[in-house]
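One structure below.
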Protein chains: 2
Amino acid sequence: MSSQNIKPTESELEILRILWERGPSTVREVHEQLVKTKESGYTTTLKLMQIMYEKGLVKRDDTNRSHIYEAGVSQEKTRKMMTDKLIRTLFQGSSSKLVMQALGHHKVSKEELAAIRKYLEEMEKSGK
Amino acid sequence: MSSQNIKPTESELEILRILWERGPSTVREVHEQLVKTKESGYTTTLKLMQIMYEKGLVKRDDTNRSHIYEAGVSQEKTRKMMTDKLIRTLFQGSSSKLVMQALGHHKVSKEELAAIRKYLEEMEKSGK
DNA sequence: GCAAACATACGAACATTTTCGTAACTCAGA
DNA sequence: TCTGAGTTACGAAAATGTTCGTATGTTTGC
């Protein structure tokens with residue numbers, strides 16, 4: 001395990017999402033993306049990314065004047081971390097409760113349903 | 001819609017969880033429960049609950065000296081809100097991705113799996 | 001009636017997160 | 001070379017969340 005266990009703040013998460021989607025990017029590029037959803041100044045984005053760098057949430061290549069940033073934590077790990085937390089804090093540690101919540105209150109296409117069911121059957125088979 | 005859309009903070013959520021479990025309770029009772037997990041002073045709990053009252057996150061009956069607090073937002077709504085948010089922010093809006101994440105990375109008992117599968121089948125049936 | 005225990009209210013310190021202004025440096029083009 | 005646009009670094013204000021001390025009021029038991 002590396003320094004992955006740091007919990008990103010709300011704003012940091014927004015930036016991570018952009019980095020996951022775009023891959024390595026400059027502050028400018030991240031910022032352009034960010035302002036599509038959210039009012040904010042360039043140096044705000046810069047500062048946030050600098051802080052994230054100190055925390056190890058992003059990596060950066062500063063050989064050029066415009067530094068290139070990329071995510072330092074994987075989407076996968078972050079998803080797991082936050083899902084774990086949600087299950088623990090709001091669903092009494094029961095992942096099946098969360099599953100039913102997600103299935104019950106969100107539109108899921110037929111195809112998705114089928115995929116889930118298949119996934120489930122495999123689990124039941126291969127699992128204990 | 002009432003004032004349900006207020007997002008509880010971390011600490012507020014801890015208190016809500018206790019209120020959901022215990023039902024109407026005094027600050028003292030909530031506090032006793034809280035200190036089992038977390039170091040904190042009585043007036044801190046009190047202050048938090050007062051703030052929650054102002055925000056509408058809890059209701060209270062102050063006819064007696066010891067006020068009786070109860071949750072002002074339901075566990076159900078809160079679960080939905082936070083699950084929605086997780087799906088939106090980390091799973092590209094796809095609830096099935098979250099479902100697979102939850103199924104894949106958490107221990108789910110055979111019984112739970114079966115229950116989910118049944119639930120799923122019913123959905124597919126009624127849904128079509 | 002009085003003291004001790006217990007309750008609320010509330011200001012304010014503290015901690016964390018977010019926002020931005022400003023200084024300083026680099027680079028490209030006229 | 002000079003200027004203007006673009007970049008980083010960084011301090012510090014602003015906003016939000018957490019913690020607690022203290023004042024004050026109420027109740028209980030002796």
Side-chain angles (χ1 to χ4, degrees), chain A residues 3 5-19 22 24-70 72-73 78 82 85 89, chain B residues 3 5-19 22 24-70 72-73 78 82 85 89:
Chain A
S3 61
N5 304 5
I6 297 165
K7 190 193 167 203
T9 67
E10 202 76 8
S11 303
E12 288 169 347
L13 201 50
E14 287 177 341
I15 288 174
L16 280 176
R17 286 165 59 197
I18 293 173
L19 288 175
R22 289 189 44 90
S25 312
T26 64
V27 174
R28 177 66 55 189
E29 289 164 340
V30 170
H31 182 64
E32 304 281 69
Q33 186 61 36
L34 208 51
V35 286
K36 287 180 187 169
T37 2
K38 190 195 187 183
E39 182 72 16
S40 97
Y42 175 77
T43 55
T44 301
T45 306
L46 172 65
K47 178 70 166 184
L48 270 172
M49 293 176 74
Q50 285 170 342
I51 291 171
M52 291 170 78
Y53 174 66
E54 284 162 16
K55 292 189 187 175
L57 286 172
V58 296
K59 292 185 262 213
R60 80 178 175 192
D61 171 355
D62 57 0
T63 52
N64 293 304
R65 186 160 82 99
S66 285
H67 302 176
I68 307 289
Y69 287 79
E70 66 181 306
V73 294
T78 307
M82 305 216 49
K85 181 174 175 160
T89 59
Chain B
S3 61
N5 304 6
I6 297 165
K7 189 193 167 203
T9 67
E10 202 75 9
S11 302
E12 289 169 347
L13 200 50
E14 287 178 341
I15 288 174
L16 281 175
R17 285 165 59 198
I18 292 173
L19 288 175
R22 288 190 45 88
S25 311
T26 63
V27 174
R28 176 66 55 188
E29 289 163 340
V30 170
H31 182 64
E32 304 280 68
Q33 185 63 36
L34 207 52
V35 287
K36 287 181 187 168
T37 1
K38 190 194 188 182
E39 182 72 15
S40 99
Y42 174 79
T43 56
T44 300
T45 305
L46 172 65
K47 178 70 165 185
L48 271 172
M49 293 176 74
Q50 284 170 342
I51 291 172
M52 291 171 77
Y53 174 66
E54 283 163 17
K55 292 188 186 174
L57 286 172
V58 297
K59 294 185 263 212
R60 80 177 175 194
D61 172 353
D62 57 0
T63 52
N64 293 306
R65 184 160 82 103
S66 284
H67 303 174
I68 306 289
Y69 286 79
E70 68 181 305
V73 294
T78 307
M82 306 216 50
K85 180 171 176 164
T89 60

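Please read all numbers here as calculations on a predicted model, not as lab measurements. In the text below, chain A, chain B and the rest are named by the order of the sequence lines, each starting its count at 1.
- Sorted by residue number, the members of residues 59-67 of chain A with any non-hydrogen atom under 4.0 Å from DNA chain D read R60(A), R65(A), S66(A), H67(A).
- One atom, CZ of R28(A), and another, P of dA5(D), lie 13 Å apart when rounded to the nearest Å.
- By the side chain to side chain contact (heavy atoms under 4.5 Å, CB included) test, E10(B) is found to be paired with K7(A), K85(A), residues two or more places apart in sequence or in another chain being considered.
- Taking every heavy atom of residues 40-48 of chain B and every atom of DNA chain C, pairs under 4.0 Å involve Y42(B), T43(B), L46(B), K47(B), by number.
- Using a 4.5 Å cut-off on side-chain heavy atoms (C-beta onward), Y69(A) and Q50(A) make contact.
- Look at CE on M52(A): it is 17 Å from C1' on dT8(D), rounded to the nearest Å.
- Taking every heavy atom of residues 12-19 of chain B and every atom of DNA chain D, no pair lies under 4.0 Å.
- Scanning for side chain to side chain donor-acceptor pair (under 3.5 Å) contacts around S25(B) gives R22(B), with sequence neighbours left out.
- The minimum heavy-atom distance between E12(A) and K55(A), with the atom names listed, is OE2-NZ, 2.8 Å.
- Distance H31(A) NE2 to dG6(D) P: 12 Å, rounded to the nearest Å.
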Please lay out, stage by stage, how R60(A) and M49(A) fare under the test side-chain contact (heavy atoms from CB on, under 4.5 Å).
CA-CA 10 Å; R60(A) 80 178 175 192; M49(A) 293 176 74; over 6 Å; no

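- Qualifying ring-ring contact (aromatic ring centres under 6.0 Å, His included) partners for H31(A), counting only residues two or more places apart in sequence or in other chains: Y42(A).
- Contacts of K38(A) classified as side chain to side chain contact (heavy atoms under 4.5 Å, CB included), with partners at least two apart in sequence or in another chain: S11(A), E14(A).
- Take T37(B) and apply the side chain to side chain donor-acceptor pair (under 3.5 Å) test, not counting sequence neighbours, and it matches no residue.
- Here the C1' atom of nucleotide dG11(D) and the CD1 atom of I51(A) are 12 Å apart, to the nearest Å.
- With a cutoff of under 4.0 Å to any heavy atom of chain B, the contacted region of DNA chain C is bounded 5' to 3' by dC6(C) to dA12(C).
- Note that CD1 of I68(A) and NZ of K59(A) are 14.5 Å apart. Values are rounded to the nearest 0.5 Å.
- By the side chain to side chain contact (heavy atoms under 4.5 Å, CB included) test, R65(B) is found to be paired with no residue, residues two or more places apart in sequence or in another chain being considered.
- Under the side chain to side chain donor-acceptor pair (under 3.5 Å) criterion, D61(A) pairs with T63(A), sequence neighbours left out.
- Here the side chains of I18(B) and K36(B) are not in contact, with every heavy-atom distance at 4.5 Å or above.
- The side chain to side chain contact (heavy atoms under 4.5 Å, CB included) test applied to T78(A) returns L13(A), W20(A), V73(A), M82(A), L90(B), not counting sequence neighbours.
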